[in-house]
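Below is one structure, written out as structure tokens; the observations come after it.
All ligand and atom numbering here is 1-based and tracks the order in the structure.
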Amino acid sequence: MKIEIKEISHPIFNGKEVRLFIKRIDKLHPFVSGNKFFKLKYNLLDCEKQGQNTLLTFGGAYSNHIAATSFIAQSKGLKSIGIIRGEECLPLNPTLRFAFENGMRLHYVSRSSYKEKTNANFLEALKNQFGDFYLIPEGGTNELAIQGSEEILDFNDSQDYICCAVGTGGTIAGIINSSNAKQTVIGFPAIKGFEQLDRDIKNWTNSTNYKLINDYVGSGYAKINNELVAFINEFNAIHNVPLDAIYTGKMMMGIFDLVAKDYFPKGSSILAIHSGGLQANQGMTERLGVSLPLE
Ligand SMILES: *Cc1c(COP(=O)(O)O)cnc(C)c1O
């Protein structure tokens, strides 16, 4: 698979003698954006092998994973059920509208029930309610998703640092597994709860050549501020690369800040993974009245 890699030039990098590249896995598919494409790949093959015709998964109201799963289910002739955190809000936001239009059955659960999403009894109750299904966990993270995420990097990606945004930790675990020991993988969490996240990542990988940098999550998951919005719009205007406000925008702001603070040694190179997520910008734009790149 040939994936576009683009160098991001900026005076700040010249001064620090650091080079930054961005790997545009967001461009692989118009609707199954970025890392979700890799995370779903082997799950779909497994679902097919098991002869299941329904996918069931979990997500929040802006979830890129919900959008991606709904689209792929429809295109493969599978039914899909989305267990959505929180109450139904009408009209549907763009993410859930997209899922609904792809035929996904949306089932809302309270935030407290949502926490039960890995509990066997809760899953059994869902089977009683919806019939048999192929379960894809929240964010799509499971062993097969990590196997898929191992294909994000290839042997040409020889930069010293690989940077990615982190949600559940599945994607970074795959990236760590396929990085080489001389590289350092840097994860930028988009969600607070860093200790649990690190434990989860350690469940999925035995390698230790990674770091989580927790300083760029801002006020929390999907929380944005004017500085972030301005950064994303300026980045898009200068480099013609749209970033999302939940994951990749925060990562890129983090990278710029770390370069400015001499985190990366002179002469080093960085590869940032553009994991996608632009569909969520539309909902953010509508809900908050800010302007963000949509594609
Ligand atoms: C889902 C998502 C992530 C996080 O992936 P995890 O495997 O859950 O860590 C990062 N970036 C984007 C754009 C995403 O949609």
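For ligand 1, the atoms sitting less than 4.0 Å from at least one non-hydrogen atom of Val166 are 9 (O), numbered in the order shown with element in parentheses. Interface atoms of ligand 1 facing Asn64, defined by a heavy-atom separation under 4.0 Å, are 13 (C), 14 (C), 15 (O). Atom numbering of ligand 1 starts at 1 in the shown order; those under 4.0 Å from a heavy atom of Gly277 are 13 (C).
Phe133 carries Lys127 over the face of its six-membered ring, with the cationic atom under 6.0 Å from the centre and within 45° of the normal. Relative to the ring axis of Tyr247, Lys36 places its NZ or CZ within 45° and under 6.0 Å from the centre.
With 3.5 Å as the limit, one finds a donor-acceptor pair spanning the side chains of Lys202 and Tyr210.
Of the candidates Lys36, His274, Met251, it is Lys36 that places a heavy atom closest to atom 2 (C) of ligand 1. In this structure, of Phe188, Tyr62, Tyr247, the residue bringing a heavy atom nearest to atom 12 (C) of ligand 1 is Tyr247.
Here the protein heavy atom with the shortest distance to atom 8 (O) of ligand 1 is Thr168 OG1, 2.6 Å. Atom 4 (C) of ligand 1 has its closest protein heavy atom at Gly167 N, 3.4 Å. Ranking the protein heavy atoms by distance from atom 11 (N) of ligand 1 puts Ser275 OG, 2.7 Å first.
With hydrogens and angles disregarded, a donor-acceptor distance shorter than 3.5 Å links the side chain of Ser269 to the backbone of Asp160.
Ring geometry for Phe98 versus Phe71: interplanar angle under 30°, hence parallel rather than tilted (30 to 60°). Between His239 and His10, the two ring planes are tilted [angle within 30° to 60°]. Ring planes of Phe256 and Phe235: perpendicular class, angle over 60° (limits at 30 and 60°).
Residue contact annotation: Lys39 has a non-hydrogen atom under 4.0 Å from ligand 1. Put simply, part of Gly276 is less than 4.0 Å from ligand 1, judged by heavy atoms.
Counting heavy atoms from C-beta on, the side chains of Ile201 and Ile176 come closer than 4.5 Å.
Looking at Gly139 next to ligand 1, no N or O pair under 3.5 Å apart turns up.
Of all the heavy atoms of Asn35, the ones lying under 4.0 Å from any atom of ligand 1 belong exclusively to the side chain.
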